[in-house]
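Notes follow once the structure below has been shown.
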Amino acid sequence: MKYDIEKICDEVCRIAISAGKYLKEEQATFSRGKIEMKGVRNYVTYIDKEAEKRIVAGLSELLPEAGFLTEEETVQFEQKEYTWIIDPLDGTTNYVHSDTPYSVSIALMKDKTIVLGVVYDPVAEELYSATGKENVRLNGQPVSVTSKNELQNAYIGFGIPYSLDSAGEKILQNALAQFRNCSFRIKGSAAIEICYVACGRSDAYFHSALSPWDVAAGTFILNCAGGKCTDFSGGENYIFGRELVASNGKVHDAIMTNIIK
Ligand code: IPD
Ligand code: CA
Ligand code: CA
């Protein structure tokens, strides 16, 4: 089946903004007594689940024949010709501590290729969207990556995985290997941090033990904006492979020399 991807993207933006507004309103009155734990320092709330239900309802109307892969599993996973990949609230740890940023992340995959990405930060009111290289935007304006071509004074994001194995230590070692050269930030929403690379706010981002819903939309947006995404081996398995190095393309090789798998 063929779709008008631009029209679909407009609708997805509307759905993401609406879910983001819900997140922001609920955060104002959220009580920490309502936190549930998925694991050590891995939080979830009724708000993650309710936001996901709302997004799924909207997208089901938009493309009734599409399947879903969602973090909170409020709808059964089904891979179809078109499959939505959704994180209704990326940055839950920030969210439950009354902190920011956090985001809504929605990607559309056709067979095994992402064809649309939308990430919305409701607090900054920043909407990132892409359907291709000619159409990658922040709040409607075209964006592109930085021109920085060396790690000296680069501005780099990374994140600490929830997993309790050695992945966390390795990520810190990766940062340590480069820290004398660069400024580092941990913002706490992978989807947003990848979009920061796409819009030229930062030069690179790396993280391990991520899930497809954390990265599917952001990496598509970044690729469309002229950036580069790989797994820790330099390969293309960064959406389902749980490892991501995302950059403006020009500092990618330099970062890879210090990435410990
Ligand atoms: C998390 C955020 C965080 C990253 C974690 C993710 P969640 O997603 O993206 O920045 O460090 O690994 O799981 O749990 O808030 O949706
Ligand atoms: Ca997430
Ligand atoms: Ca989430």
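Nothing fancy with the numbering, it's 1 onward along the sequence. Side chains are part of it too, since the values below use all heavy atoms of this structure and drop only hydrogens, waters and symmetry mates. In listed order, ligands and their atoms are each counted from 1.
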Carboxylate-amine/guanidinium contact Arg201 Glu126, below 4.0 Å: yes

Partners meeting ring-ring contact (aromatic ring centres under 6.0 Å, His included) with Phe184 (sequence neighbours left out): Phe158

Glu52 with Lys49: basic N within carboxylate O range, under 4.0 Å: no

Charged N-O contact under 4.0 Å between Arg54 and Glu50: yes

Heavy-atom closest contact (Val104 atom, Pro88 atom, distance): CG2-O, 3.6 Å

3.0 Å shell around the Ca ion (ligand 2), exclusive bound, protein N/O/S atoms: 3

Polar pairs, ligand 1 vs protein, N/O only, below 3.5 Å.
unit_1, atom_1, unit_2, atom_2, d
ligand 1, 8 (O), Asp90, OD1, 3.0
ligand 1, 9 (O), Asp90, OD1, 2.7
ligand 1, 9 (O), Asp90, OD2, 3.4
ligand 1, 9 (O), Ala190, N, 3.0
ligand 1, 10 (O), Gly188, O, 3.1
ligand 1, 10 (O), Ser189, N, 3.2
ligand 1, 10 (O), Ala190, N, 3.3
ligand 1, 11 (O), His207, NE2, 2.6
ligand 1, 12 (O), His207, NE2, 3.3
ligand 1, 14 (O), Tyr162, OH, 3.0
ligand 1, 15 (O), Gly91, N, 2.7
ligand 1, 15 (O), Thr92, N, 2.8
ligand 1, 16 (O), Glu71, OE1, 3.2
ligand 1, 16 (O), Asp87, OD2, 3.1
ligand 1, 16 (O), Leu89, O, 3.2

Glu71 and Lys38 ion-paired at < 4.0 Å: yes

Residues forming a salt bridge (charged side-chain N to carboxylate O under 4.0 Å, His left out) with Glu150, sequence neighbours excluded: none

Between Ser189 and Asn94: side-chain donor-acceptor atoms closer than 3.5 Å: no

Between Thr131 and Glu6, a side-chain donor and acceptor under 3.5 Å: yes

